[in-house]
Asker: 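Could you have a look at this structure, given as structure tokens, before my questions?
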There are 2 protein chains.
Amino acid sequence: MFKLSKKTEYALMALQHIASLDKGQVATAKEIAENKLIPHSLLAKILQQLTRHQLILSLQGAHGGYALGRKAEEITLAQMIEAIEGPIHIIECNESRYSCQRDDFCTLKNSLNPLQKQLTSYLHSVTLADVAAS
Amino acid sequence: MFKLSKKTEYALMALQHIASLDKGQVATAKEIAENKLIPHSLLAKILQQLTRHQLILSLQGAHGGYALGRKAEEITLAQMIEAIEGPIHIIECNESRYSCQRDDFCTLKNSLNPLQKQLTSYLHSVTLADVAAS
DNA sequence: ACAAAATAAGACTAAATTAGTCCGATATAA
DNA sequence: TTATATCGGACTAATTTAGTCTTATTTTGT
């Protein structure tokens with residue numbers, strides 16, 4: 001499927017939420033889950049991934065929660081998606097460690113290269129600030 | 001995953017192959033399968049789908065096979081992908097019959113609309129002629 | 001008429017991915 | 001020291017994708 005996963009959708013919703021916080025505020029996984037109707041323990045996992053990728057930062061313990069890791073203008077859509085789904089390759093043979101029996105004659109990779117480039121350059125050009133504005 | 005399925009890859013390979021035929025020639029599923037290293041019975045299914053969507057036309061019986069249904073310049077990448085994967089929607093809530101509990105407050109759809117539009121307009125602008133040229 | 005070579009169609013199985021849950025550990029504020 | 005969080009990993013269930021198999025139909029050539 002040429003589609004973002006539910007996890008990614010949830011991640012984007014959560015990031016929108018976190019981006020809307022006032023400076024100094026944090027949001028808990030529970031708050032976000034209730035606010036956006038996302039299963040709490042699934043969202044918890046997603047927020048952990050975003051934290052590992054440093055899109056957000058976490059404060060542990062009571063009164064803990066999440067805040068943006070950097071300015072919304074500096075978080076690209078590409079980074080958000082790739083934090084959850086891994087590197088974006090529209091076809092499998094674009095992946096780094098992929099070796100294919102068709103290597104010597106298959107031209108699909110070349111044929112779809114423009115699409116791959118178009119897409120990734122677009123995803124790098126849109127930021128959380130743009131996404132959150134809507 | 002933000003990726004084309006194997007079926008779609010196979011479809012594109014097959015279309016490239018068929019597009020390269022001389023006028024009046026047809027290619028059998030078996031030929032294409034051997035040429036592109038695609039499982040024969042899977043490819044057979046894929047070619048049937050492409051036929052139903054009229055991207056190619058089939059000649060049944062002995063000496064039968066497949067040929068392009070119209071000029072390569074008139075077959076868009078969008079049509080090829082959608083013949084196999086169905087309508088392209090980067091998020092689920094863009095789908096026609098999707099109803100969502102978050103409808104009244106979720107802005108994700110709006111936020112990602114530019115991406116959806118960018119992508120589909122690109123896919124409609126590229127044709128099999130472009131794809132086959134590589 | 002009949003055999004051979006194709007496509008057509010649908011049921012079916014297996015593998016992989018996605019979605020979601022649960023639990024025990026750790027961190028921190030009050 | 002208790003309550004409230006995040007962290008991390010194992011686990012299960014559901015869905016999608018990939019691929020197979022079988023039977024029927026179409027068409028050509030003999």
Side-chain angles (χ1 to χ4, degrees), chain A residues 1-14 18 24-34 36-67 69 81 83-86 89 91-92 95 98 100, chain B residues 1-14 18 25-34 36-67 69 81 83-86 88-89 91-92 95 98 100:
Chain A
M1 287 262 216
F2 212 61
K3 187 182 306 193
L4 297 174
S5 68
K6 276 224 176 80
K7 274 193 191 174
T8 303
E9 291 186 19
Y10 295 157
L12 296 175
M13 290 181 206
I18 296 169
Q25 271 196 311
V26 299
T28 67
K30 197 179 162 212
E31 273 168 34
I32 302 173
E34 283 167 2
K36 305 285 188 185
L37 298 182
I38 300 171
H40 171 268
S41 43
L42 181 53
L43 179 62
K45 282 270 159 292
I46 292 167
L47 291 168
Q48 283 172 36
Q49 272 184 275
L50 295 176
T51 304
R52 265 183 243 120
H53 282 80
Q54 303 181 307
L55 302 190
I56 57 181
L57 47 86
S58 72
L59 297 179
Q60 291 193 27
H63 303 315
Y66 298 92
I81 295 174
I84 306 300
E85 313 214 338
H89 297 293
I91 50 173
E92 211 170 317
E95 286 164 27
Y98 187 73
C100 177
Chain B
M1 288 263 215
F2 213 62
K3 186 182 306 193
L4 297 175
S5 68
K6 277 224 174 82
K7 273 194 194 176
T8 303
E9 292 186 18
Y10 295 157
L12 295 176
M13 289 181 207
I18 296 170
Q25 271 196 312
V26 298
T28 67
K30 196 177 163 212
E31 273 167 34
I32 301 172
E34 284 167 0
K36 305 286 188 185
L37 298 182
I38 301 170
H40 171 268
S41 43
L42 180 54
L43 179 62
K45 283 268 158 292
I46 292 167
L47 292 169
Q48 283 172 36
Q49 271 185 275
L50 296 176
T51 304
R52 265 184 242 119
H53 282 80
Q54 304 182 306
L55 302 190
I56 57 180
L57 46 86
S58 72
L59 297 179
Q60 291 192 26
H63 304 313
Y66 299 91
I81 295 174
I84 306 300
E85 313 213 340
I88 292 167
H89 298 294
I91 51 174
E92 211 170 317
E95 286 165 28
Y98 187 72
C100 178

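First the proteins, then the strands, lettered A, B, ... as listed; each starts at 1.
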Asker: Round to the nearest Å and state the distance from B:Q49 atom CD to D:dT17 atom P.
Answerer: 12 Å
Asker: How close or far is atom C1' of C:dT7 from atom CG of B:L43, stated in whole angstroms?
Answerer: 12 Å
Asker: Expressed in angstrom and rounded to an integer, what is the separation of A:I38 atom CD1 from C:dT18 atom P?
Answerer: 18 Å
Asker: When the nearest nucleotide of DNA chain C is assigned to B:K30 and to A:T8 on a heavy-atom basis, which residue is associated with the more 5' position?
Answerer: B:K30
Asker: When you measure from the side chain of B:E85 to the backbone of B:L4, do you find a donor-acceptor pair of N or O atoms at a distance under 3.5 Å?
Answerer: no
Asker: Taking all non-hydrogen atoms of both residues, which atom of A:I84 and which atom of A:Q49 are closest, and how far apart?
Answerer: O-NE2, 3.8 Å
Asker: For a quick test of reading the model: is some side-chain N or O of B:R52 closer than 4.0 Å to OP1 or OP2 of C:dA8?
Answerer: no
Asker: Report the C-alpha separation of A:I91 and B:L12 in whole Å, then their side-chain angles, then the decisive distance to 0.1 Å, and conclude whether the side-chain contact (heavy atoms from CB on, under 4.5 Å) test is met.
Answerer: CA-CA 11 Å; A:I91 50 173; B:L12 295 176; 6.0 Å; no
Asker: Protein-nucleotides 19-21 of chain D N/O pairs closer than 3.5 Å?
Answerer:
from	atom 1	to	atom 2	distance (Å)
D:dG19	OP2	B:Y10	OH	3.2

Asker: Return the value, rounded to whole Å, for the distance between atom CG of A:L4 and atom C1' of C:dT18.
Answerer: 14 Å
Asker: Does the side chain of B:T28 get closer than 4.0 angstrom to OP1 or OP2 of C:dA5 through an N or O atom?
Answerer: no
Asker: Hey, mind stepping through A:I18 and A:L50 against side-chain contact (heavy atoms from CB on, under 4.5 Å) and telling me if it holds?
Answerer: CA-CA 12 Å; A:I18 296 169; A:L50 295 176; 5.9 Å; no
Asker: Keeping to residues at least two apart or across chains, list the salt bridge (Lys or Arg N to Asp or Glu O under 4.0 Å) pairs with something in residues 3-12 of chain B.
Answerer: A:E92-B:K6, A:E95-B:K3
Asker: Taking for each residue the nucleotide of DNA chain C with the nearest heavy atom, is it B:S58 or B:E92 whose nucleotide lies nearer the 5' end?
Answerer: B:S58
Asker: Can you name the atoms? Protein N/O to nucleotides 28-30 of chain C N/O, anything below 3.5 Å, with the distance.
Answerer:
from	atom 1	to	atom 2	distance (Å)
C:dT28	O2	A:A62	N	3.1

Asker: Testing the basics here: between B:A11 and B:I46, what is the closest heavy-atom pair and its distance to 0.1 Å?
Answerer: CB-CG2, 3.7 Å
Asker: Heavy-atom nearest nucleotide on DNA chain D for A:F2 versus A:L47: which residue maps closer to 5'?
Answerer: A:L47
Asker: To the nearest angstrom, how far is B:Q48 atom CD from D:dT23 atom C1'?
Answerer: 13 Å
Asker: To the nearest Å, how far apart are A:Q54 CD and D:dC7 P?
Answerer: 13 Å
Asker: How close do A:G64 and A:T28 get, counting heavy atoms only, and between which atoms?
Answerer: O-CG2, 3.5 Å
Asker: Once you round it to whole Å, what is the distance between C1' of C:dT21 and CD1 of A:I46?
Answerer: 13 Å
Asker: Can you tell me if B:S5 touches the phosphate of D:dT16, counting only side-chain N or O atoms and a distance under 4.0 Å to OP1 or OP2?
Answerer: no
Asker: Heavy atoms only, 4.0 Å cut-off, all strands: where does B:A29 land among base, sugar-phosphate and nothing?
Answerer: sugar-phosphate
Asker: For B:H53 and C:dA8, what is the distance between atoms NE2 and P respectively, to the nearest whole Å?
Answerer: 14 Å
Asker: For a quick test of reading the model, state the closest non-hydrogen atom pair linking B:Y66 to B:S58 and the distance between them.
Answerer: CE2-CB, 3.5 Å
Asker: What's the shortest heavy-atom distance between B:H40 and B:A33, and which atoms?
Answerer: CA-CB, 3.9 Å
